[in-house]
Enquirer: 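Take a look at this one; I'll ask things after.
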Protein chains: 2
Amino acid sequence: MPSIKDVARVAGVSDKTVSRVVNREPNVKPETFRRVEQAIQDLGYVPNRAARLVRSRKSQVLGILTDLVSVTPYSNDIVRGAQAWAHANGYTVIVVNTNGDDDTEKAAWRTFQEHSIEGVLYVTMYHRLINLQASDCPLPTVLVNCRSTADQSLISVTPDDYRGSQALTRHVLEQGHRRIGYIRLNPVLFGAEERYRAFQDVVREWGIPDASITTKIGMSGVVGQEIDHSYQVTQNMLQQDAPPTVIMCGNDEIALQAYLGALTLGHRIPDDVSIVGHDDFKTVSKALKPALTTAALPYYDLGFRASEALYGVISGEGATGSAGSVKMDCPMVRRESVRPLPDSQRSLADAGGNARHKD
Amino acid sequence: MPSIKDVARVAGVSDKTVSRVVNREPNVKPETFRRVEQAIQDLGYVPNRAARLVRSRKSQVLGILTDLVSVTPYSNDIVRGAQAWAHANGYTVIVVNTNGDDDTEKAAWRTFQEHSIEGVLYVTMYHRLINLQASDCPLPTVLVNCRSTADQSLISVTPDDYRGSQALTRHVLEQGHRRIGYIRLNPVLFGAEERYRAFQDVVREWGIPDASITTKIGMSGVVGQEIDHSYQVTQNMLQQDAPPTVIMCGNDEIALQAYLGALTLGHRIPDDVSIVGHDDFKTVSKALKPALTTAALPYYDLGFRASEALYGVISGEGATGSAGSVKMDCPMVRRESVRPLPDSQRSLADAGGNARHKD
DNA sequence: TTGTACGCGTTATCAC
DNA sequence: GTGATAACGCGTACAA
């Protein structure tokens, strides 16, 4: 590896002049500039960041701290989004997965300090509340996909599950559905409860009677290894007396179960039952036939936006705390799994009937 | 950030002594050791890797170069595996996604050099053949999930698609299936062709007549944005004169389509048709009802193993080229989507019949 | 057992 | 415009 001195010697200038050229500083004669560039080419010189860092204290490196990576393969898009921002802005990224282990997390913070990282993205792989204090973070930190209950001064970037679910529920009602099944995600999840709350609020706002709503929990247990009974739940719902005309699912994976459950019973989607999901996990939502109407979790954008916010903090111009925090929209993705109900079927009066097609 | 000198001053020793304590070198009086440790604690001193690196040339950092991340969310497990190895061995990892762009890849190599990275994992997100030359790699490199046709001297770690598919095909035949549908993955994919080749070889070896095999292509087009017609293909297969008793799918996503296609037609799985996949994408294979019998792509292990191999190269003890290259097994995961055929249905004579249950 | 002098590759300061 | 010279935080070599 040639050093700046080698270049200087070959170009016949001092090392400082090479430094000027490399860093595009002013006050270099064009002729000198060319000679130096040539020498750099010839030698294949690449500046050494470590040496630069020793002096200048700017590492141009961001750290990403990640918890249960295995929960779902999709949330990794957060990391991708962050990487995209980083590389577009001359930053490099170091990722450490803690798998939820406290010691590993401690070690990660230390690693970050050793590398003189400028700031870290603390990302959780599902939307949740955490207990972090700003004083626990030795480096500038932005929370992604989570918020701290313990310390409001930590900036966070989270998805707006509430509004996503709200839009979905309104859409379903606008399509004329009145008998609704709702399969809840694991209640342990913060995002899950937000979605359910939105559903309840909208349904109440529209004056839908409780009797025409069926709510069941589809998953339960420890996050990452929950038991999924949504297949069975779907079938029970569809076999009850006045079955719902639409089943709203806590997320797309539950929606997949709902599809399988409904199809196995011989129900057609959306002719016999409409189904909506949440998250827009593409390998599910786009693969389903008919494709699933859902709300898109903006994972990639979460990562990208959070990096911007972190950069704001680092460069000191950043607002902090709830002022700087952002909730990002989960836009509805309308596909073919929701059928508009004809007027004749919209009344609640036929609540005893079964909208299923007969073949 | 306190430096080694600050610690030295507080502890009342020279900086070299602090260095000795930090690096656990011998010849430090226990008493001194304690005093220094105390000062480190008090000041929150963390050694600066950059400074260390300027002298010692060992960055303890690995680079990961990654192409089309978006192809599937699952292959990211390769990166996880590599990270796991790294953090278990005191290494840190820098990941750069190129999205298949050549300029980005060039820039990535440069970034790696700037960071004095010790070696890089060149990982592709689907199993394929590439054109890389060892001379294109300014740093020690190991190929993951791909092999170079241009240069055999590059070590590679790849999944053994052939053997995975072989095991699956044998299993299906052992369960008595003779009329077989095979839905091929995009033929552009190297792994896809390996799987198909294994299927053909086994079927020939067992003397299954061509007439009882139906082969169709389920996906085609540019990788990452292919058109998927496997849903329709499945339905066509099931509606033909002597429908297959089992459908073997190029991967789990096709298997999902096969489930949907079959269920929609009113077929039961595995009573009416058995289905097998490939890859073991858990959000599909475990979610399906009944759960899918498939072969597991060892993504995580690929990343882990490749890191070991790379470490071998770096520390100079490594075999190179095809000698050091590894093909990793894709073990069959036996679940409930394959039904053993009763002896009465195993003969090829009933090739005109339809094994479907009548309700 | 401990300390001193120096060098690593780079940037900062200031004089030329 | 350009170049000495010092300094960054740490490890190495050697002296004490």
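In what follows, chains carry the letters A, B, and so on, assigned in the order in which the sequence lines appear, proteins first and then strands, with residues in each chain numbered from 1.
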Enquirer: So A:L143 and A:I155, side chain to side chain contact (heavy atoms under 4.5 Å, CB included) or not? Walk me through it.
Expert: CA-CA 6 Å; A:L143 271 27; A:I155 292 189; over 6 Å; no
Enquirer: Would you call A:E37 and A:R24 a salt bridge, using N to O less than 4.0 angstrom?
Expert: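 So A:E37 pairs with A:R24 through a salt bridge.
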Enquirer: Could you state the NZ-C1' distance from A:K58 to C:dA12, rounded to the nearest angstrom?
Expert: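 One finds 16 Å between C1' of C:dA12 and NZ of A:K58, rounded.
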Enquirer: May I have the distance from B:E25 (atom CD) to D:dA13 (atom C1'), rounded to whole angstrom?
Expert: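 About 12 Å, once rounded to whole Å.
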Enquirer: Looking only at side-chain N and O atoms, does B:Y122 offer a donor or acceptor that is under 3.5 Å from a partner on B:E105?
Expert: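 Checked: B:E105/B:Y122 side chains pair up, N/O donor to acceptor below 3.5 Å.
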Enquirer: Does CZ in B:R80 sit with more than 12 non-hydrogen atoms of other residues, nucleotides or ligands closer than 6.0 Å?
Expert: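 More than 12 within 6.0 Å, yes.
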Enquirer: Sugar-phosphate atoms are those with a prime plus P, OP1 and OP2; base atoms are the rest. Using that split, label each nucleotide of nucleotides 2-10 of chain D B, S or - for protein heavy atoms under 4.0 Å, 5' to 3'.
Expert: BBB--BBBB
Enquirer: Without decimals, in angstroms, what is the distance between B:R24 CZ and D:dG11 C1'?
Expert: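 Distance check: B:R24 CZ to D:dG11 C1' gives 17 Å.
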Enquirer: State whether the number of non-hydrogen atoms from other residues, nucleotides or ligands found under 6.0 Å of B:E31 atom CD is greater than 12.
Expert: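 Count over threshold, so yes.
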Enquirer: Once rounded to the nearest 0.5 Å, what's the spacing between atom CD1 of A:I117 and atom OH of A:Y91?
Expert: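 One finds 11.5 Å between CD1 of A:I117 and OH of A:Y91.
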Enquirer: May I ask you to decide whether B:D6 forms a salt bridge with B:R9, counting only side-chain N to carboxylate O separations under 4.0 Å?
Expert: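 Yes, charged N to carboxylate O under 4.0 Å.
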Enquirer: With under 30° as parallel and over 60° as perpendicular, where do the rings of B:F112 and B:W109 fit, or are they tilted in between?
Expert: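 B:F112 vs B:W109 ring planes: perpendicular.
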Enquirer: Once you build an axis from the first five pairs and another from the last five of the helix from C:dT1-D:dA16 to C:dC16-D:dG1, how far apart in angle are they, to 10 degrees?
Expert: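 Overall, the helix from C:dT1-D:dA16 to C:dC16-D:dG1 bends by 30° from one end axis to the other.
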